[in-house]
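These notes are about the structure you will find just below.
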Amino acid sequence: MAVRHYLQFRDFAREEYEYVFERTRWIKDMFKRYVPYQPLRDRTLAMVFEKHSTRTRVSFEAGMHQLGGTVITLMTRDTQMGRGEPIEDVARVITRMVDIVMIRTFEQAIIERFSEHSRVPVVNGLTNEYHPCQILGDLYTFIENRGSIRGKTVAWIGDSNNVCNTWLQAAEVFDFNVHVSTPPGYEVEPERAGLYGTDHYEVFDDPMKAAKGADLITTDVWTSMGDEAQSAKRKRDFEAWRVDREMMKAARKDALFMHCLPAHRGEEVAATVIDGPQSVVWDEAENRLHTQKALMEYLLLGRIKTQGDLWST
Ligand code: CP
Ligand code: NVA
């Protein structure tokens with residue numbers, strides 16, 4: 001059987017997400033009740049980081065330990081990758097030694113080349129183009145708080161970056177709508193976002209109009225990792241794309257606020273919003289742990305007996 005990878009959000013069908021979310025709910029419940037669940041004993045996860053990380057590293061590392069497995073963390077600068085060993089050779093070697101690999105890197109093409117030479121599942125822990133594990137946790141958080149996301153409206157305010165692209169893919173898989181508002185010059189590139197069409201998102205010049213009637217407002221840093229040289233210009237260009245209280249008021253009364261974190265209070269989000277009552281950013285971060293445990297279980301063990309009805313997503 002071909003090895004399954006998780007390189008972008010559309011790699012899984014909606015019905016697979018429903019399964020993974022149902023497993024997440026059960027795994028999270030076991031964790032909260034301090035009941036050990038260790039189906040991945042003797043399995044090893046290798047994590048490769050070419051960029052910084054806090055949440056992704058801790059959630060994968062803690063998650064694999066909790067499932068009974070072990071973890072090896074590789075920072076590229078400390079390895080032969082940092083001295084130019086071809087990614088294909090690295091893939092051939094380390095995937096003979098471990099059971100699953102998570103990579104955070106630059107271009108999506110790098111992780112695709114790695115996966116083509118991998119004997120084991122490869123998970124995208126963030127590339128310049130996508131961040132599927134983030135939206136896995138975000139969608140779970142939305143559904144946990146509000147039920148099905150089908151037909152709902154998500155407002156994306158800010159840069160059309162890896163997190164934005166992944167929301168747009170998720171909208172196609174889960175059949176919801178995204179209102180996107182970016183400053184001029186930072187628009188969504190549908191091809192780079194890997195979209196099938198333009199049916200699931202609408203572009204707004206004015207971020208207030210994008211926020212109107214939304215069930216969820218979400219944003220991210222103005223300068224992503226790798227774009228640091230443009231930071232000063234971006235601060236000027238994005239000034240009107242800050243999520244503040246006024247913008248939250250334009251959304252539905254029960255709208256949630258999410259941010260993948262790390263956040264810059266006073267830049268892309270006002271402190272009153274991220275630290276306010278509509279913000280679910282800490283649950284969102286925690287759910288990275290539970291959803292990724294379910295993801296690893298699925299990639300390594302396939303479907304195991306379900307514990308109840310699948311979530312209606
Ligand atoms: N949201 C997220 O992926 O955080 P880290 O960069 O800390 O891993
Ligand atoms: N868009 C951000 C996300 C960080 C988790 C970046 O790529 O730096």
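Numbers here are sequence positions counted from 1. Both counts, for ligands and for their atoms, begin at 1 and track the order of listing. Values below: all heavy atoms of this structure, side chains included; hydrogens, waters and symmetry mates excluded.
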Would M30 and L40 show up in the same hydrophobic cluster when neighbours are defined by side-chain heavy atoms closer than 4.5 Å? yes

Just one of [options] clears the side chain to side chain donor-acceptor pair (under 3.5 Å) bar with [X], so which one?
{"X": "N124", "options": "E129, Q8, Q108", "result": "Q108"}
{"X": "Y186", "options": "D237, N161, D159", "result": "D237"}
{"X": "H290", "options": "Q292, E286, K293, R288", "result": "E286"}

Ring centre gap for Y6 and Y298 strictly below 6.0 Å: no

Does the ring center of W26 lie less than 6.0 Å from the ring center of Y37? yes

Cation over ring, R10 on Y196, under 6.0 Å and within 45°? yes

Heavy-atom contacts under 4.0 Å to ligand 1, chain-then-number order, include exactly S53, T54, R55, T56, R104, H131, Q134, C260, L261, R288

Which parts of the protein, at residue level, reach under 4.0 Å of ligand 2 through a heavy atom? L126, N161, N162, D220, V221, S224, M225, L261

Test side chain to side chain donor-acceptor pair (under 3.5 Å) applied to T70 and T44, step by step: CA-CA 5 Å; T70 52; T44 304; 3.2 Å; yes

Plane angle bin for F176 and W167 - parallel if under 30°, tilted between 30 and 60°, otherwise perpendicular: perpendicular

